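Throughout, protein chains are lettered first and strands after them, A, B, ... in sequence-line order, and every chain is numbered starting at 1. Not measured: the values here are computed from a predicted model. For the numbers below, each heavy atom of this structure counts, side chains included, while hydrogens, waters and symmetry mates do not.
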Amino acid sequence: MVDLSFLEQDSPVAAVALLGAVVTSTVDGERVSVLLNEVEAYLGPDDPASHAFRARTARNEPMFGLAGTIYVYRSYGIHWCINIVTGLRNDPQAVLLRGADVIEGTDVAIERRRRTDHLADGPGKLGQALGVTGAVSGTRLGAGPVALVSCADTLPPYEATPRVGVGAAHNRRWRFVTKKGTKHRAPNTG
DNA sequence: CACAAGATTGACT
DNA sequence: GTCAATCTTGTGT
């Protein structure tokens, strides 16, 4: 477990700091660790794409909590996507964990994913590989099944793609990808 | 209560 | 490239 105080910064800043960090989940006694290489920052009222854009509801309540709180939501009724809450209390911000490399418990991840590749190369895949469900939402890093084990000593070279698709549904979005063999496809416009 | 939309993925053509 | 799967949330009546 590392000092979580850096998460009290605004989400775009915290998001960058999370690149290269290691997240571990312990579910059903099985431990899986991943190294983050793709994250995305969301704000509150300023960010139309954010779940906290309109109202404070039961679902987005964790986003209003302390930095280091975990916010999990159901995507398309199928996937569980993991966020790490940043910023101060009552200032809804979060960093969506979009992609990672499995570095521990690969066999477990393969079993959960039922695939031998693309284990955590996307938000839904990441959640599935870690065995995270909605039950984890609202818990804090280190207090529940999910912990932040380490951060990168030195920030890896990364690429920032602000405001992808301005005018579309995703107005302001900060997406940060570690530069290591860019194998990621753009969501929409390629 | 009814209904539309969604921070996605995987399979098929 | 196109499209279905699947269900929760949010909003309107």
Centroid distance below 5.5 Å plus an interplanar angle below 30 degrees: do Tyr42(A) and dA7(B) meet both conditions? yes
Leu96(A) CG to dT9(B) C1': how many Å, rounded? 14 Å
Side chain to side chain contact (heavy atoms under 4.5 Å, CB included) partner of Val34(A), chosen from Val22(A), Thr24(A), Leu97(A), Leu126(A): Leu126(A)
Value in whole Å for how far the P atom of dG6(B) lies from CG of Asn83(A): 17 Å
Between Gln128(A) and Arg113(A), a side-chain donor and acceptor under 3.5 Å: yes
Look at all strands and tell whether Arg114(A) reaches a base, only sugar-phosphate, or nothing, counting heavy atoms closer than 4.0 Å. nothing
Rounded to whole angstrom units, what separation is found between the CZ atom of Arg113(A) and the C1' atom of dA11(B)? 14 Å
note: Glu38(A), atom CD; dA7(B), atom P; distance rounded to Å ~ 16 Å
Proximal nucleotide (of dT11(C), dG10(C), dA7(B)) relative to the Asn60(A) side chain: dG10(C)
Compare the minimum distances between each of dA7(B), dT11(C), dA11(B) and the side chain of His51(A), then state the nucleotide with the smallest one. dA7(B)
Distance check needed: dT9(B) P versus Asp121(A) CG, whole Å only. 8 Å
Could you go through the side-chain hydrogen bond (donor to acceptor under 3.5 Å, both in side chains) check for Arg54(A) and Asn60(A) one step at a time? CA-CA 10 Å; Arg54(A) 286 196 170 276; Asn60(A) 63 29; over 6 Å; no
Salt-bridge present (Glu159(A), Lys179(A); N to O < 4.0 Å): no
Assigned partner base of dT6(C), Watson-Crick or wobble definition, under 3.5 Å: none
Cation-pi check, Arg89(A) onto Phe64(A) ring (under 6.0 Å, within 45° of axis): no
Hey, would you say the Tyr42(A) and His51(A) ring centroids sit under 6.0 Å apart? no
Separation of dG10(B) C1' from Leu126(A) CG (nearest whole Å): 17 Å
Length of the line joining Phe53(A):CZ and dA7(B):P, which is rounded to integer Å: 13 Å
Rounded to the nearest 0.5 Å, what's the gap from CE on Met63(A) to OH on Tyr73(A)? Could you check? 10.5 Å
Which nucleotide in dT8(B), dG10(B), dA7(B) has an atom nearest any side-chain atom of Tyr71(A): dA7(B)
For dA7(B), the Watson-Crick or wobble counterpart (both distances under 3.5 Å): none
Starting at CD1 of Ile70(A) and ending at P of dA7(B), how long is that distance when rounded to a whole Å? 20 Å
What are the atom names and distances for every N/O pair under 3.5 Å that joins the protein to nucleotides 7-9 of chain C?
unit_1	atom_1	unit_2	atom_2	d
dT9(C)	O3'	Arg59(A)	NE	3.4

